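Treat the numbers as computed from the prediction; the structure is a model and nothing was measured.
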Amino acid sequence: MMTPQQASDDIRFMGRAIALARDQMGQTWPNPAVGCVIVKDGEVVSEAATAPGGRPHAEEQAAPAAGDRARGATAYVTMEPCGARSSGRTSCSHFLMDAGVSRVVVAAVDPSPFAAGRGVERLRKAGLQVETGLLAEEAAVLYEGYLHRVETGRPMVRVSADGVGFDARFAASAKADLTTELKRLGEAGYTRVWVSPGELADALGAQGLLTA
């Protein structure tokens with residue numbers, strides 16, 4: 001049974017992973033910003049977040065950086081490690097397995113075709129202890145745009161004053177076919193875009209394309 005101290009440590013280290021990922025938001029599309037913190041005996045031995053442009057992934061940076069200290073360690077990851085890579089390269093699950101990590105704590109399951117539970121399943125089959133859902137609500141902002149694009153083919157659109165944390169600003173005529181314009185951005189890999197308050201935002205809202 002987990003002690004109160006262990007539960008507190010889990011929350012603290014996952015909070016650190018979320019903070020790392022938040023710092024990268026808007027820079028990692030077409031991939032979501034993910035944070036990974038590897039902890040051994042209560043101490044952080046390595047940490048990383050998805051690099052600008054979406055690669056390398058957080059786990060493929062953090063696991064090698066931990067070296068031998070990763071053996072028997074716990075990895076805190078904001079999104080389920082991928083079980084396969086579209087490029088055919090080593091998956092994030094394999095990076096953690098090969099590093100000797102014994103426990104993986106995941107905030108959110110990845111809905112993409114290259115994860116969708118496959119990462120968690122692969123880790124468990126390899127004998128790793130896997131727990132999901134820790135600080136899932138706090139981590140939701142990290143992947144909401146990514147999930148929106150997976151589900152709709154369009155990036156999520158929100159009104160913003162400065163666009164901090166977004167992939168790009170959405171610029172179009174309010175009279176344009178906004179669904180088609182957003183689909184094009186989705187095909188290009190954008191996950192979260194922003195607009196200023198005004199006519200365009202009003203048009204997006206009227207067509208149900210604006211996220212509150």
Side-chain angles (χ1 to χ4, degrees), residues 1-29 31-51 54 56-63 65-66 69-70 72-83 91-93 95-97 99 101-112 114-124 128-151 156 158 160 164-167 191-192 211-212:
M1 181 179 293
M2 183 177 294
T3 67
Q5 182 60 55
Q6 289 171 324
S8 176
D9 285 347
D10 279 353
I11 291 171
R12 177 162 58 93
F13 292 129
M14 183 61 81
R16 174 58 184 163
I18 291 171
L20 289 170
R22 285 186 73 104
D23 286 345
Q24 292 296 93
M25 285 183 66
Q27 303 179 60
T28 65
W29 62 276
N31 294 329
V34 175
C36 177
V37 176
I38 297 179
V39 177
K40 179 74 174 288
D41 297 328
E43 294 185 3
V44 175
V45 296
S46 69
E47 60 181 28
T50 309
H57 293 185
E59 301 92 326
E60 67 179 299
Q61 298 175 72
R69 296 174 297 174
T74 296
Y76 297 86
V77 190
T78 57
M79 178 174 275
E80 175 187 5
C82 56
S91 70
C92 291
S93 295
F95 273 106
L96 295 176
M97 288 156 41
V101 168
S102 62
R103 178 174 176 248
V104 181
V105 182
V106 177
V109 174
D110 183 349
S112 77
F114 293 100
R118 290 170 61 188
V120 166
E121 180 184 6
R122 190 160 285 185
L123 291 169
R124 285 177 173 156
L128 280 73
Q129 179 183 348
V130 183
E131 299 158 29
T132 62
L134 181 65
L135 299 188
E137 291 186 10
E138 290 83 348
V141 68
L142 301 172
Y143 60 85
E144 61 181 358
Y146 174 74
L147 177 58
H148 189 279
R149 184 169 67 88
V150 169
E151 293 178 341
M156 184 191 73
R158 276 207 168 117
S160 173
V164 173
F166 287 82
D167 300 344
T191 63
R192 299 176 82 243
T211 299

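Annotation: the span from S102 atom OG to L123 atom CG amounts to 11.5 Å, rounded to 0.5 Å. A distance of 9.5 Å separates CH2 of W29 from CZ of R149, quoted to the nearest 0.5 Å. Rounding to the nearest 0.5 Å places OG1 of T191 at 10.0 Å from CZ of F166. The CD atom of E59 lies 6.5 Å from the SG atom of C82; values are rounded to the nearest 0.5 Å. In this structure, CD1 on I11 lies 10.0 Å from OH on Y76, to the nearest 0.5 angstrom. Rounded to the nearest 0.5 angstrom, R22 CZ and L20 CG are separated by 12.0 Å.
In this structure, Q24 contributes its side chain and A21 its backbone to no donor-acceptor pair below 3.5 Å. Judged by distance alone, the side chain of E80 and the main-chain N or O of V120 form a donor-acceptor pair under 3.5 Å. Of the possible donor and acceptor atoms, none in the side chain of R122 sits under 3.5 Å from a partner among the backbone N and O of S93. In this structure, T50 contributes its side chain and V34 its backbone to a donor-acceptor pair below 3.5 Å. Not one N or O on the side chain of R192 forms a donor-acceptor pair closer than 3.5 Å with the backbone of D167. Using a distance-only test at 3.5 Å, with no hydrogens or angles considered, no donor-acceptor pair links the side chain of E43 to the main chain of K40. Using a distance-only test at 3.5 Å, with no hydrogens or angles considered, a donor-acceptor pair links the side chain of T28 to the main chain of A33. S46 contributes no side-chain N or O that, together with a main-chain N or O of I38, makes up a donor-acceptor pair within less than 3.5 Å. Remark: side-chain polar atoms of Q61 are paired, donor with acceptor, to backbone N or O of A49 under 3.5 angstrom.
With salt bridges taken as basic N to acidic carboxylate O contacts below 4.0 Å, one links R158 and E144. Salt bridge present: R103 and D10 bring a charged side-chain N and a carboxylate O closer than 4.0 Å.
Nearest heavy-atom pair, A66 versus V45, reported as atom, atom and distance to 0.1 Å: CB-CG2, 3.9 Å. Closest of all the heavy-atom pairs between V141 and M25 is O-CE, 3.5 Å. Taking every heavy atom of both residues into account, G54 and H57 meet most closely at O-CD2, 3.2 Å. Looking at every heavy atom in both residues, C36 comes nearest to A17 through N-CB, 4.3 Å. Pairing each heavy atom of F13 with each of V37, the nearest pair is O-CG2, 4.1 Å. In terms of heavy-atom proximity, A63 sits nearest to L96 at CB-CD2, 4.4 Å.
Checked against I18 for a side chain to side chain contact (heavy atoms under 4.5 Å, CB included), the options T78, D23, L134 give a single hit: T78.
Judged as a side-chain hydrogen bond (donor to acceptor under 3.5 Å, both in side chains), and not counting sequence neighbours, the contacts of R16 are E47.
With a 4.5 Å cut-off on side-chain heavy atoms, T74 and V105 count as touching.
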